[in-house]
Peer 1: 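Starting off with a structure, shown below.
All heavy atoms count here, side chains included; hydrogens, waters and symmetry mates do not. Here the structure is a predicted model, which means the values were calculated and not measured. Numbers here simply count residues along the sequence, with the first being 1.
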Amino acid sequence: NVLLPRGYETGSQRYPVIYLLDGGVSQDWPNYSARIREAMDSGTVRPAILVGIATEDRQNELTARSTDRRIIRQWPNHGQSERFRRYIEAEVKPAIESRYRTNGDDAVIGESAAALFIVEAFLRQPTLFDRYLAVSPSLWWDRESLSKNAAALLAAHPEGDRQLLLTIGDEGGQMQSGMDRLVQALRNNPPKGLVWEYEPRHSETHSTVFAASAIDFLSRAY
């Protein structure tokens with residue numbers, strides 16, 4: 001799903017691209033495309049091309065393979081996040097960049113399992129996007145293994161201008177401990193060129209934090 005900024009058809013300007021995960025018409029697209037359009041019209045967010053990427057099997061597409069037997073039993077088809085990253089890199093982004101006037105600056109935004117995917121992409125494939133906006137990432141996944149590997153993955157990051165924005169609702173447990181570990185790794189060894197912020201929103205729940213954070217994150221990015 002693609003939303004073009006107003007005036008796109010009559011101009012020649014190039015625009016950044018915002019990729020919204022879980023961006024299907026039965027997912028976050030209707031609500032957030034309308035809200036982001038409103039934010040662009042008001043000047044809160046700079047004009048950009050918004051692209052919604054639908055997910056069909058979220059545990060398959062948005063998570064890494066787990067060794068946790070409970071996860072394996074509950075979601076036997078999980079664990080293809082690397083394949084989904086390849087799909088975005090090899091198919092989605094080239095299609096958008098060949099069809100529309102993009103300027104080479106792109107962001108990815110999502111919540112929960114989509115935010116877990118965003119954090120994993122940032123840690124494992126940092127050049128995939130320029131800006132990573134992750135709202136309440138499900139860092140409990142696989143007994144917090146991603147956050148436990150964060151320090152080593154950050155140490156291998158290439159130098160480059162990138163942005164990472166993180167938040168979490170009032171969730172506690174492994175969600176919060178995974179986030180705390182990731183934030184500590186970022187504080188200890190931030191990659192050169194990275195601008196990052198962590199601002200918890202503990203007054204929000206898991207079901208409200210994306211609505212409370214999305215436009216603010218996009219206004220900081222653009």
Peer 1: Taking the six-membered ring for Trp and the full ring for Phe, Tyr or His, determine whether the centres of Y32 and F210 are under 6.0 Å apart.
Peer 2: yes
Peer 1: For residues T55 and R58, determine if any side-chain heavy atom of one lies less than 4.5 Å from a side-chain heavy atom of the other.
Peer 2: yes
Peer 1: Return yes if a side-chain donor-acceptor contact under 3.5 Å exists between Q184 and D180, otherwise no.
Peer 2: no
Peer 1: State whether a side-chain donor-acceptor pair under 3.5 Å links D105 with Y222.
Peer 2: yes
Peer 1: Are any of the side-chain heavy atoms of V119 and L146 separated by less than 4.5 Å?
Peer 2: yes
Peer 1: Is any side-chain heavy atom of E61 less than 4.5 Å from a side-chain heavy atom of Q80?
Peer 2: no
Peer 1: Return the CG to CG distance between D22 and L62, rounded to the nearest 0.5 Å.
Peer 2: 6.0 Å
Peer 1: What distance separates T44 OG1 from M40 CE, expressed to the nearest 0.5 Å?
Peer 2: 11.0 Å
Peer 1: Got a second to check how far Y15's OH is from I49's CD1, nearest 0.5 Å?
Peer 2: 8.0 Å
Peer 1: For residues 85-113, which residue pairs qualify under ring pair (Phe, Tyr, Trp, His ring centres under 6.0 Å), counting only residues two or more places apart or in two chains?
Peer 2: F84-Y87
Peer 1: About how many Å separate CG of D106 and CD of E97, when rounded to the nearest 0.5 Å?
Peer 2: 6.5 Å
Peer 1: With a 3.5 Å cut-off and sequence neighbours excluded, list the donor-acceptor pairs that the side chains of residues 162-172 form with protein atoms.
Peer 2:
{"from": "R162", "atom 1": "NH2", "to": "P158", "atom 2": "O", "distance (Å)": "2.6"}
{"from": "Q163", "atom 1": "OE1", "to": "R131", "atom 2": "NH1", "distance (Å)": "2.9"}
{"from": "T167", "atom 1": "OG1", "to": "E199", "atom 2": "O", "distance (Å)": "2.5"}
{"from": "T167", "atom 1": "OG1", "to": "R201", "atom 2": "NH1", "distance (Å)": "3.3"}
{"from": "E171", "atom 1": "OE1", "to": "H206", "atom 2": "ND1", "distance (Å)": "2.7"}
{"from": "E171", "atom 1": "OE2", "to": "S136", "atom 2": "OG", "distance (Å)": "2.4"}
{"from": "E171", "atom 1": "OE2", "to": "H206", "atom 2": "ND1", "distance (Å)": "3.1"}

Peer 1: Inspect the contact between E120 and R85 and indicate whether a charged nitrogen and a carboxylate oxygen are less than 4.0 angstrom apart.
Peer 2: yes
Peer 1: Atom NZ in K93, atom OG1 in T102: separation rounded to 0.5 Å?
Peer 2: 9.5 Å
Peer 1: What residue pairs, at least two apart or across chains, pass ring pair (Phe, Tyr, Trp, His ring centres under 6.0 Å) with a residue in residues 53-78?
Peer 2: W75-W141, H78-W141
Peer 1: Under 3.5 Å, is there a donor-acceptor pair linking the side chains of T63 and Q59?
Peer 2: no
Peer 1: If we ignore hydrogens and angles and just use 3.5 Å, is the side chain of R37 paired with the main-chain N or O of L4 as donor and acceptor?
Peer 2: yes
Peer 1: Measuring from R101:CZ to I96:CD1, what's the distance to the nearest 0.5 Å?
Peer 2: 13.5 Å
Peer 1: Checking the side chain of H157 only, and the main-chain atoms of L123 only, is there a donor and an acceptor separated by less than 3.5 Å?
Peer 2: yes
Peer 1: Using a strict 4.0 Å threshold on nitrogen-to-oxygen distance, state whether E144 and K148 make a salt bridge.
Peer 2: no
Peer 1: Using side-chain heavy atoms (C-beta onward) and a distance below 4.5 Å, is D130 in contact with D161?
Peer 2: no
